[in-house]
Amino acid sequence: MNDRDRPRRDGRGERDTRDQRESRGQGGPRGQRGARGQSDSGRGDSSRGRRPDRPGRERGDGGRRQPGPPLPDDVAASDLDPEVRRDLLTLDKANAEIVAKHLVMVSRLLLEEPALALEHARAARGRASRVGVVRETAGIAAYNAGEWQESATELRAARRITGNNALLPLIADCERGLGRPERAVEIARGDEGRALRGEEATEMRIVEAGARIDLGEPEKAVVTLQAENLKPGQVGTGPARLFYAYASALYASGRRDESITWFMNAAAADVEDVTDAEFRLTELANDDAPVGDDEQAVDGVDVLADSAVSEAPAAESSSAEPVSVEPAAAEPAAAEPAAAEPAAGESPELPAAKVAAEPVVAPEPVVVPESAGDQEADDTETIEGVQGTADLSKTSSFVDDDVSELIGLSDSVSQTLADRYDALLLDLDGTVFAGNKALPNAVDTLDRLDIPCFFVTNNASRRPAEVAAHLRDLGFDATDDLVVTSAQSGARLLSEHLAPGSRALVIGTDGLAQEVREVGIGVTRSADDRPAAVIQGHSTDTGWAQLSEAALAIRAGALWVATNVDATLPSERGLLVGNGSMVAALRSATGKEPLVAGKPAAPLMADAITRAAANAPLVVGDRLDTDIEGAHAVGIESALVLTGVSTVTDLLAAPPEQRPTYVIDDLAGMFDDVDAVRVADQPGWTVSVEASTVSVSGSGDETGVVPALAAATWAAVDAGTADPEELRIRAEGTAREKLASLGVALVG
């Protein structure tokens with residue numbers, strides 16, 4: 001996110017009197033968006049529990065429909081980031097071209113003409129309402145234009161589609177804009193808000209602090225920000241915004257002298273000139289008298305306010321050395337657990353790449369412009385729970401401001417699936433091997449690849465060194481650092497929730513116990529030791545006695561972490577009982593739900609992305625409900641291999657959150673043409689769906705049969721013309737032979 005571009009808003013619930021165009025959207029009113037915000041908030045939970053729409057093949061208009069503002073002649077789809085353009089592949093080509101141009105215009109106009117940028121964003125949404133990046137762009141454009149209700153609606157829809165929580169700070173800040181600071185606090189202090197890490201967590205705390213000030217609780221705002229790194233002497237946008245927010249909270253709580261110190265620290269840190277700390281210091285220097293409540297609200301209260309006024313006179317203190325003042329200790333009565341929150345004084349960038357080094361994440365759209373009801377329903381949706389915590393700071397999709405660096409929309413020539421990505425995140429059982437046997441083509445494929453391959457496993461029974469040794473025994477080139485396990489992620493979760501030196505009851509192998517010890521948590525096997533937590537991973541030795549110890553501890557109040565919830569474990573003999581089955585037994589015995597570290601929950605996938613340090617990783621796995629859904633959880637693309645648990649029949653009936661980007665027979669498919677294995681219409685194949693009967697015929701490349709079949713089936717299921725539980729498959733010629741070889745039961 002570009003630190004310069006976030007809108008700044010005051011803390012009063014009224015428009016800032018400074019010129020809004022010069023301040024880049026800073027003056028958006030809280031609670032001022034008229035009746036629309038009020039009527040929307042009064043609607044019921046009609047969308048709660050509804051399965052979100054997911055992109056099937058969105059039908060375009062061939063470029064004939066032209067809603068929205070005109071597009072200048074000099075705008076080109078090729079100016080759009082290639083990652084974003086890939087998200088538009090669900091559209092027909094002519095429609096994708098127009099949508100891309102509108103997105104480019106949003107990027108151009110976002111700062112200087114936010115209202116016009118919003119018109120372009122709405123036009124893009126009208127043509128591509130099921131594309132996540134478009135919905136997020138609409139949300140950010142509305143945010144910059146001060147349309148808090150519309151922004152909240154779009155951002156919630158985007159988050160609902162992708163499951164990514166990095167948009168929560170903006171959503172919470174929209175609630176402030178709508179005059180509902182109590183809801184902003186609820187979001188910040190909810191499970192998802194607390195689960196944020198890194199820059200997203202700091203941003204959420206800043207938003208919560210602003211909401212606390214809105215509620216007349218400035219001391220709680222001070223306490224909230226004291227959970228962050230307030231060490232003077234730091235330089236950069238992040239520290240500058242944090243110091244500015246802390247200074248504002250101190251000022252609002254009546255601690256004027258301390259606030260001056262922290263405005264000085266903010267000015268010293270602000271090398272990018274993203275705050276108006278210098279101007280605030282000038283104001284305070286010219287105002288020795290105590291300020292009234294109203295003036296406080298105008299000047300010092302808003303965490304996100306007033307920090308972009310570049311025309312303000314600079315104070316002499318701008319070059320001052322950082323002033324080292326330790327944050328005052330919080331009074332016990334005010335010290336609530338700190339919630340997470342968004343950044344001060346920034347304007348969100350537009351979504352661009354699914355995985356980038358920036359901290360926020362890109363979503364996919366669900367709002368059909370023709371139906372205002374959908375937008376209203378989206379806005380009433382509550383924040384869904386996420387299991388576990390994860391640092392998703394590597395998963396982002398925002399449009400780069402430097403359009404000159406973006407590449408064109410032209411189709412690539414002879415690009416293989418592997419060519420598209422810079423790292424593979426590979427599942428093990430059912431993808432790379434089955435028990436003690438490497439799967440066909442797996443060793444040869446990984447040897448030939450020239451991108452790093454990380455082995456990401458839900459199996460917590462073995463440590464990385466053991467997994468790597470097993471892989472080497474099977475012929476793979478694997479080192480310990482290439483293995484990421486749910487045991488590691490589960491231990492990390494414990495360390496984030498427990499104080500060092502706490503004790504956890506381990507249900508699992510000695511390898512899992514050692515991972516727990518290495519994060520500073522003690523290990524026990526008995527509930528009599530009053531453990532603070534229970535961590536449960538797969539072990540062939542787990543039985544009634546071990547589960548009973550865990551049940552006793554959980555019922556006594558221990559935190560419960562499950563490394564994974566796979567019901568089965570693939571082997572060369574077939575499917576064995578997995579950790580998820582044991583988790584289900586404890587769930588039944590205790591009535592509790594665990595935090596989950598492994599796929600499909602985000603922590604393991606986020607850890608793998610961090611380890612890979614890749615800009616465009618691809619998840620490759622054999623299970624829709626873990627590998628593919630896990631990819632959705634962190635907003636990256638995925639490929640299903642048909643060598644393990646999930647079958648073609650499972651694929652066709654998959655809910656949106658379990659749908660892969662690509663389908664390949666086995667790992668050798670990494671060298672297939674990327675477009676031939678993408679789930680989309682495929683040349684040479686005709687697929688029709690009538691009353692849940694799917695028929696495929698033609699003579700195209702056989703690698704495209706299953707992707708074409710899945711694309712047509714999902715479109716019919718999403719349209720309500722086919723029942724995923726009643727699907728029947730007909731096929732002719734080559735398609736019939738191909739599907740039969742994959743174990744598909746055919747009719748006719």
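Below, each value reflects all heavy atoms present in this structure, side chains not excepted, and no hydrogens, waters or symmetry copies. On a predicted model such as this, the values are computed, not experimentally measured, just so you know.
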- Message: Closer than 3.5 angstrom, by distance alone: can the side chain of T445 be matched with the main-chain N or O of A442 as a donor-acceptor pair?
- Response: no
- Task: Using modelled atom types only, decide if a donor and an acceptor are shared between the side chain of Q682 and the backbone of D675 within a distance under 3.5 Å.
- Result: yes
- Answer yes or no for R611 and F454: cation-pi contact, defined as NZ/CZ to six-membered ring centre under 6.0 Å and angle to ring axis within 45°. no
- Query: Once you round to the nearest 0.5 Å, how far does CD1 of I636 lie from CD1 of I609?
  - Reply: 4.0 Å
- With sequence neighbours excluded, residues passing salt bridge (charged side-chain N to carboxylate O under 4.0 Å, His left out) with D566: none
- Query: Judged by atom type as modelled, is there a donor-acceptor pair below 3.5 Å linking the side chain of D622 to the main-chain atoms of T643?
  - Reply: no
- Task: Spell out, as yes or no, whether a donor-acceptor pair under 3.5 Å connects the side chain of T416 to the backbone of D672.
- Result: no
- Query: Hey, what do you get for CG (L576) to CG (D429), rounding to the nearest 0.5 Å?
  - Reply: 9.5 Å
- To the nearest 0.5 Å, what is the distance between NZ (K93) and CG (L88)? 13.0 Å
- Query: Just wondering, do D625 and Q658 contact through their side chains at under 4.5 Å, heavy atoms?
  - Reply: yes
- Message: Can you tell me how far apart OG (S129) and CD (E154) are? Round to the nearest 0.5 Å.
- Response: 9.5 Å
- Message: If you define the side chain from C-beta out and look only at heavy atoms, does anything of I451 sit under 4.5 Å from L424?
- Response: yes
- Looking at residues at least two apart in the chain, or sitting in another chain, which of them share a side-chain hydrogen bond (donor to acceptor under 3.5 Å, both in side chains) with T661? none
- Query: Do the side chain of S638 and the main chain of V619 share a donor and acceptor less than 3.5 angstrom apart?
  - Reply: no
- Classify the angle between the aromatic ring planes of F455 and F476 as parallel (below 30°), tilted (30 to 60°) or perpendicular (above 60°). perpendicular
- Query: Taking side chain as C-beta onward, heavy atoms only, is V679 less than 4.5 Å from V706?
  - Reply: no
- Note on the structure: Only one of D427, N564, N458, T626 passes side chain to side chain donor-acceptor pair (under 3.5 Å) with K599, and that residue is D427
- Item | Close side-chain approach of R108 to D79, heavy-atom, < 4.5 Å | yes
- Task: Run the numbers on L667 and L439 for side chain to side chain contact (heavy atoms under 4.5 Å, CB included), then give the verdict.
- Result: CA-CA 9 Å; L667 287 178; L439 287 166; over 6 Å; no
- Task: Using side-chain hydrogen bond (donor to acceptor under 3.5 Å, both in side chains) as the criterion, list what pairs up with R472, not counting sequence neighbours.
- Result: none
- Query: How about D607 and T610: does a side-chain donor come under 3.5 Å of a side-chain acceptor?
  - Reply: no
- Message: I'd like to know if the side chain of R728 and the backbone of E726 have a donor-acceptor N/O pair within less than 3.5 Å.
- Response: yes
- Message: Given 3.5 Å as the limit, does a donor-acceptor pair link the side chain of T457 with the main chain of T485, or not?
- Response: no
